[in-house]
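These notes concern the structure reproduced below.
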Amino acid sequence: MTHILAIDQGTTSSRAILFDGSLRVVASAQEEFAQHYPAPGWVEHDPSDLWSTVAGTARAAIEKAGIGADDIAAIGITNQRETTLIWDRDTGQPIHNAIVWQDRRTADTCDALRDAGHEPMITARTGLLLDPYFSGTKVKWLLDHVPGARERAAQGGLAFGTVDCFLIWKLTGGRVHATDATNAARTMLYNIADGCWDADLCALLDVPMAILPDVRDCAADFGVTRADLFGREIPICGVAGDQQAATVGQACFQPGMMKSTYGTGCFALLNTGTDRVPSKNRLLTTIAYQLNGKPTYALEGSIFIAGAVVQWLRDGLKIIREARETQPLAEQADPAQEVVLVPAFTGLGAPYWRPECRGAIYGLTRNSGPAELARAALESVGYQTRDLLEAMRADWGAQADGVLRVDGGMAASDWAMQFLADILGAPVDRPVVTETTALGAAYLAGLQAGIYPAPEDFAKGWALERRFAPAMDVAVRDGKYARWGRAVAATMNV
Ligand SMILES: Nc1ncnc2c1ncn2[C@@H]1O[C@H](COP(=O)(O)OP(=O)(O)O)[C@@H](O)[C@H]1O
Ligand SMILES: O=P(O)(O)OC[C@H](O)CO
């Protein structure tokens, strides 16, 4: 029993990756699933798609590896965060589609809570800002809108969970209703200072506490799978939200260490140790991981559009066929043109939090073409990251170690990573293993199962593939960043 199965349930696909006893990838499988947009700004997932792609990819990875369930010591789960499900405890049937983190349907509820003066209390207790992004208002929406849900919840017949919690329920055949502290921290119902569900917040959002799951450490006992799923009961030993799992996978265990993951969006986390740092610059305060009952905190900056801007070049503008074509295009771009793209396609996230904002392009000339747009798209990801790091520096001073560890699909772009280092004026480190999210989940499970070493020793195994050192002239960097700042300000004023 020397392998760990990591389940990574993401926004657009589910992945299963098998790691061996030395944390090497042995086999993996991935499956995309449908996105549902029932109304403008609404995003849903069919819970049966989440479950079938997880079960299917897990079985496929095991088969590819040519091992048996007996060789798997434990399962680690990592997941898209905040996405909200409610199901019937008796039948296991979800009462509605999952409401996805990107969904904006509860914007009015958030506005009403803000107008009533509740935001400072919510932020002080949860570390979050009032935004439809988080689960709390989505739970309220489901209970308010699904016929009979409130009555059934009052009788104790319903269970709420984020995706990890739903998968644990399904994997254990309804025997375990539990989540981990990192996922609980994204619900807007969990008090990160006291480490418990907050009765006042639940009352404010009209959420009966009987529907809430048990909250456990990231490396803990989450029960065993149904024997019929993989041929044997396998213990579930590790759980963390995907950005927190990436923080673990990047071995950012020391205060001051930072990672940024470039997938569809970009999420940067700065480890602040045992300090629960309140942000004065509209970042989130969250739990990076929780081991042995002790939370380690982080400041988080969340950007909703990163790799998605490259998808837009491909699927919207159709000026590239594949994401990697952005690199040669950016290299060809006319240095004299200063095209700036503000990719606020779904509003602006941290540190602006302007859900109503929409994207804009500045500085077009008759000579502007695909090359200049591709460069502006890649640059926009660097600028947005600098916005986050400026806010982190302001919140936490010079204690940050100044090096940014990167991962995610877009970290494959050398051009984007070099620009990132240039515009940050700081080194950007890309590790050998960029599947850090699954690695983090596997590590947490293996730690609990006793087959992986303590965090200090795991951190020694982190290997650098390439460091991108800043090479841009300081005056050029400052000029470009100032121009970005003016472009964002103009976009917010439209
Ligand atoms: N070589 C590349 N250059 C630029 N962007 C890339 C490159 N490779 C992948 N991407 C972008 O990375 C994203 C995919 O990363 P991934 O980590 O798989 O995302 P997610 O888990 O959010 O689906 C896509 O948005 C894609 O446009
Ligand atoms: O599924 P991803 O990788 O897009 O990550 C989504 C985040 O967890 C949302 O907070």
Side-chain angles (χ1 to χ4, degrees), residues 7-15 17 28 30-33 35 43 45 50 53 77-84 98-103 128 131-135 138 162-164 182-183 185-188 240-247 249 260-269 284 286 298 300-317 320-331 343 345-346 349-350 374-375 377-382 406-420 430 433-441:
I7 290 171
D8 177 1
Q9 202 305 300
T11 311
T12 56
S13 72
S14 298
R15 271 184 260 226
I17 303 188
S28 66
Q30 179 167 7
E31 202 179 325
E32 291 194 9
F33 54 86
Q35 308 287 313
V43 189
H45 291 159
L50 301 182
T53 54
I77 299 176
T78 182
N79 56 291
Q80 52 167 322
R81 306 166 306 166
E82 300 96 12
T83 297
T84 300
I99 304 186
V100 177
W101 58 277
Q102 296 153 322
D103 191 291
L128 309 175
D131 192 272
Y133 177 27
F134 307 107
S135 318
K138 301 183 200 292
T162 41
V163 171
D164 57 306
T182 68
N183 275 293
R186 316 297 296 190
T187 58
M188 226 169 79
D242 56 8
Q243 303 309 321
Q244 282 86 346
T247 307
S260 193
T261 301
Y262 296 92
T264 308
C266 156
F267 300 86
L269 267 80
L284 308 175
T286 203
E300 173 175 324
S302 326
I303 301 170
F304 299 139
I305 302 289
V309 73
V310 173
Q311 288 167 349
W312 176 67
L313 297 179
R314 187 192 62 191
D315 306 334
L317 295 188
I320 53 169
R321 274 159 306 169
E322 283 186 61
R324 64 194 150 114
E325 290 170 26
T326 48
Q327 170 136 351
L329 271 179
E331 283 162 358
F345 301 151
T346 54
R375 182 183 60 190
L378 296 183
E379 286 184 348
S380 74
V381 176
V406 293
D407 54 72
M410 199 181 183
S413 169
D414 291 348
W415 198 96
M417 295 302 108
Q418 182 57 51
F419 182 77
L420 179 61
R430 186 168 65 193
V433 180
T434 50
E435 281 286 5
T436 48
T437 303
L439 178 66

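Note that the structure is a prediction, hence the values are computed from the model and not measured. Counting starts at 1 for both ligands and their atoms, in listed order.
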Mind checking whether [X] has an N or O less than 3.5 Å away from an N or O of ligand 2?
| X | answer |
| --- | --- |
| Thr264 | no |
| Arg81 | yes |
| Arg186 | no |

Under 4.0 Å, heavy atoms only, figure out whether ligand 1 is touched by the backbone of [X], its side chain, both or neither.
| X | result |
| --- | --- |
| Thr261 | neither |
| Arg15 | side chain |
| Thr264 | both |
| Ala416 | neither |

Is there a donor-acceptor contact under 3.5 Å from the side chain of [X] to the main chain of [Y]?
| X | Y | result |
| --- | --- | --- |
| Arg430 | Ala411 | yes |
| Ser13 | Thr11 | no |
| Glu82 | Tyr133 | no |
| Thr437 | Ala246 | no |
| Glu325 | Arg321 | yes |
| Asp103 | Val43 | yes |
| Lys138 | Ala98 | no |
| Thr286 | Ala298 | no |

Students should be able to answer this: which protein heavy-atom is nearest to [atom], and at what distance?
| atom | value |
| --- | --- |
| atom 5 (N) of ligand 1 | Met410 CG, 3.3 Å |
| atom 19 (O) of ligand 1 | Gly263 CA, 3.3 Å |
| atom 7 (C) of ligand 1 | Ala323 CB, 3.5 Å |
| atom 3 (N) of ligand 1 | Ser413 CB, 3.4 Å |
| atom 24 (C) of ligand 1 | Gln311 NE2, 3.5 Å |
| atom 23 (O) of ligand 1 | Thr12 OG1, 3.3 Å |

According to the interplanar angle, ranging from 0 to 90°, do the rings of Trp101 and Phe304 count as parallel (below 30°), tilted (30 to 60°) or perpendicular (above 60°)? tilted
For ligand 1 and Gly409, I'd like to know whether there is a polar contact (N/O to N/O, distance under 3.5 Å).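 Among all N and O atoms of Gly409, at least one is under 3.5 Å from an N or O of ligand 1.
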Regarding ligand 1, does Gly307 bring an N or O atom to under 3.5 Å of one of the ligand's N or O atoms? yes
[Y] and [X], any side-chain heavy atoms less than 4.5 Å apart:
| X | Y | value |
| --- | --- | --- |
| Val381 | Val309 | yes |
| Arg81 | Phe134 | no |
| Leu269 | Thr261 | no |

For Arg324, the ligand 1 atoms whose distance to one of its heavy atoms is below 4.0 Å: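 So the atoms of ligand 1 that pass are 1 (N).
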Against heavy atoms of Thr326, which atoms of ligand 1 measure under 4.0 Å?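 Answer, ordered by atom number: 3 (N), 4 (C).
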Region of Thr11 engaging ligand 2 - heavy atom pairs below 4.0 Å: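 The answer is both, backbone and side chain.
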Below 4.0 angstrom from a heavy atom of [X], which ligand 2 atoms are there? Numbered from 1 as shown, please.
| X | result |
| --- | --- |
| Tyr133 | 9 (C), 10 (O) |
| Gln243 | 5 (O) |
| Gly10 | 1 (O) |
| Glu82 | 9 (C), 10 (O) |

Contact check, Ala308 vs ligand 1, heavy-atom distance below 4.0 Å: yes
For atom 5 (O) of ligand 2, tell me which residue out of Asp242, Asn79, Val163 has the closest non-hydrogen atom.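 When every heavy atom of Asp242, Asn79, Val163 is considered, Asp242 comes closest to atom 5 (O) of ligand 2.
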Does the side chain to side chain contact (heavy atoms under 4.5 Å, CB included) test come out yes or no for Thr162 and Arg186, once each step is laid out? CA-CA 9 Å; Thr162 41; Arg186 316 297 296 190; 6.0 Å; no
Of Thr83, Thr78, Asn79, the residue whose pairing with Asn183 passes side chain to side chain donor-acceptor pair (under 3.5 Å):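 Exactly one candidate clears the test, Asn79.
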